[in-house]
Amino acid sequence: MQPLLIVSEESQFLLRILNGSFQTLDFIKDRVFHGFADLFCSKADLDVIDIRQDNVVQCVNREEQGSKDSLSKGNDSDQQEDSRVGFNVLDAMLKHSLDRLKSMRERISSAEAGIHNCTLEINFNKDAYVIRAMCLDGKMGAALSLWFNMIQNSIVPDVITHNYLINGLCKNCELEKAEWIVRGMLYRGPSPTCATYNSLIRGYCLMNDVDKALNTFSTMANHGILPNRVTCNILVHALCKKGLLEEAKKLFHKLLSKNHNGGSSDLITSTIMMDGCFKNGDTDQALAFWERMLKEGVQVDKVSYNVVVHGFCLSHDVGIAYKYCCEMLKLGFVPDVYSYNTLVGALCKKGKTSDACYIYDVMTRMGVIPDQITYKMIIQGLCINREIDRANCFLDYMLENSIIPEPLVWNVIIDGYGKFGDIQKASYIRDKMVAFGVLPNIYTYNALIYAQIKSGNILAAQPLEKEMLLYGLTPDLVTYNLLIGAACSLGLIHSALQLHDEMLRKGCQPDVITYSELLKVFCLQGMMKEADKLFGKLLASGLAVDHVPFLILMKRYCRLREFDKVFDLYQKWLVTMRR
DNA sequence: TTAGGGTTAG
């Protein structure tokens with residue numbers, strides 16, 4: 001071991017500490033905890049000590065040798081002199097070793113103190129960054145715990161870390177906790193900033209509590225904080241979302257009057273207003289905001305173009321939406337997944353699935369990766385258009401590319417096959433869904449029950465009701481209506497009534513479809529007293545009654561040639577329709 | 001990415 005090694009290792013430690021390397025910190029900590037003797041001068045110093053120990057041993061040996069020699073020489077004064085020299089050497093060696101050990105201990109103590117200070121400082125940063133990362137990841141419980149731990153140790157994170165916490169809590173709809181932290185900030189510091197209040201305001205807007213958001217907005221000034229453009233944009237957005245366009249416009253104009261850029265529009269605020277107008281059906285007003293931006297020379301961007309494209313898709317002008325897509329391309333804005341999804345969605349809604357698939361091809365050729373939303377819209381569109389096999393190909397493509405769709409996507413395909421009475425393919429998709437780790441839900445089972453009934457296996461539908469319980473699923477109104485309908489069509493009136501009782505017991509209220517199915521079976525069985533009683537119950541239930549129950553009864557009474565009953569029902573029908 | 005705008009919608 002060379003002494004130089006000691007120096008270079010020390011320098012490395014110091015440099016790394018100065019650089020704030022956490023790895024180094026852990027390394028140092030490890031060394032501290034595993035014995036300071038090993039720190040800085042470990043092996044080299046020990047080697048030095050060993051060498052010196054060797055020297056001592058050698059001296060002692062020499063001393064012993066010398067004694068032997070002197071004995072052999074038989075000279076006492078020389079022996080005494082040699083002994084003195086030997087002890088002097090030993091004293092010097094011991095003193096040197098003790099001094100060396102003392103200096104080592106001092107260096108180690110000072111290093112320990114320094115490391116302790118560094119640990120506090122670096123841990124402070126490290127913990128703050130961990131809190132921020134946890135907040136971005138939505139792990140608010142862990143983030144709060146770490147924050148609380150820091151506060152307990154009298155380490156107060158900076159305002160930005162606090163803002164991360166507040167924003168994370170607000171996004172999680174944990175406004176009470178967020179407010180509690182803000183109160184703590186006002187009490188102990190760091191003082192909240194505009195971003196702190198913006199997070200709170202946005203949190204209330206997300207919870208649809210615009211009144212509370214406006215209230216928070218009005219308290220900012222009490223704490224010496226002025227709202228900024230972001231604050232206003234959050235509120236304008238919330239007001240638009242609630243359909244309060246006039247209030248949003250007032251705020252927009254108030255913002256313009258305070259604008260330092262000579263009263264010109266702000267891109268984001270104008271985009272929010274434009275989107276709000278499109279979504280509230282006011283295309284002219286939306287375009288007025290767009291024209292104003294262009295007139296004032298505001299640099300529009302991809303998002304504002306996407307808002308226009310979406311706006312025209314909403315007003316069923318897909319042709320104009322295309323035109324704006326081309327315009328944005330000409331200006332150098334490359335359409336993104338939002339632009340393409342907007343077009344795909346509009347085309348699917350119009351039933352133009354081939355055009356939607358064409359747009360899908362274009363986007364993939366342009367290097368824009370379709371997302372879950374793209375596939376969901378195309379698969380739903382194809383299933384509505386009864387192109388189930390084509391939809392299934394898209395599902396396969398998703399799976400090949402490791403995109404596992406949500407249950408809805410599987411369900412629409414199962415439902416699609418079921419509506420064709422193709423129980424084999426419907427069941428196959430359900431099995432595949434489970435194999436890919438996606439749990440079936442109530443829609444899955446309702447689609448499977450429908451598939452069994454549609455394919456004529458009415459008795460096979462009932463075990464599915466038991467099977468869904470294994471997944472912790474409770475049959476809903478749709479399930480009972482399907483099962484009651486199936487029992488009625490088989491003339492199994494007792495089974496139908498049992499299912500009716502079961503649904504009432506489980507707190508599932510029958511609707512007009514349940515009543516219609518039961519009326520049908522009573523009529524088929526000639527149980528007209530029961531039918532009349534049930535019909536009276538239906539009219540008294542307060543449910544919106546459509547034409548079906550009336551037609552079922554009228555048809556039956558016609559067959560029975562009880563025309564006064566038919567006329568009476570017709571009168572009642574007219575009264576109901578007028579309501 | 002300390003806070004603000006755009007795509008679905010059983």
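Computation of the quantities below employed the complete heavy-atom set of this structure, encompassing side-chain atoms and omitting hydrogens, waters and symmetry-equivalent molecules. Throughout, a chain's letter reflects where its sequence line sits, starting with A, and its residues are numbered from 1. Every value quoted in this text rests on a predicted model; they were computed, and no experiment measured them.
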Practice item. Give me the residues of residues 360-390 of chain A where at least one heavy atom lies under 4.0 Å from an atom of DNA chain B, by number, or none. Key: A/Ile373, A/Lys376, A/Met377
Review point. Listed by chain and number, what are the side chain to side chain donor-acceptor pair (under 3.5 Å) partners of A/Glu406, not counting sequence neighbours?
Key: A/Lys376
Revision key, fill the gap. From NZ of A/Lys350 across to C1' of B/dT8 the rounded distance in Å is 18 Å
Point to revise | Euclidean distance, atom CD1 of residue A/Ile131 to atom P of B/dT2 [Å, nearest integer] | key: 15 Å
Review point. So, do A/Phe312 and A/Phe278 have ring centers that fall under 6.0 Å from each other?
Key: yes
Point to revise | Heavy-atom donor-acceptor pair, A/Asn228 side-chain to B/dG4 base, under 3.5 Å | key: no
Study note, to complete from the structure: Ordered by number, residues from residues 186-216 of chain A within less than 4.0 Å of DNA chain B (heavy atoms) are A/Ala195, A/Asn198, A/Ser199, A/Arg202
Exercise for review: Check every strand shown and say whether A/Ile234 touches a base, only sugar-phosphate, or nothing at a heavy-atom separation below 4.0 Å.
Suggested key: sugar-phosphate
Check your understanding: Any side-chain N or O of A/Lys349 under 4.0 Å from OP1/OP2 of B/dA9?
Key -> yes
Point to revise | Proximity to the side chain of A/Asn341 - top-ranked nucleotide from B/dT7, B/dT2, B/dG5 | key: B/dT7
Review point. Atom CG of A/Leu165 to atom P of B/dT2: distance rounded to whole Å?
Key: 14 Å
Check your understanding: Are A/His310 and B/dT8 close enough that a side-chain N or O sits under 4.0 Å from OP1 or OP2?
Key -> yes
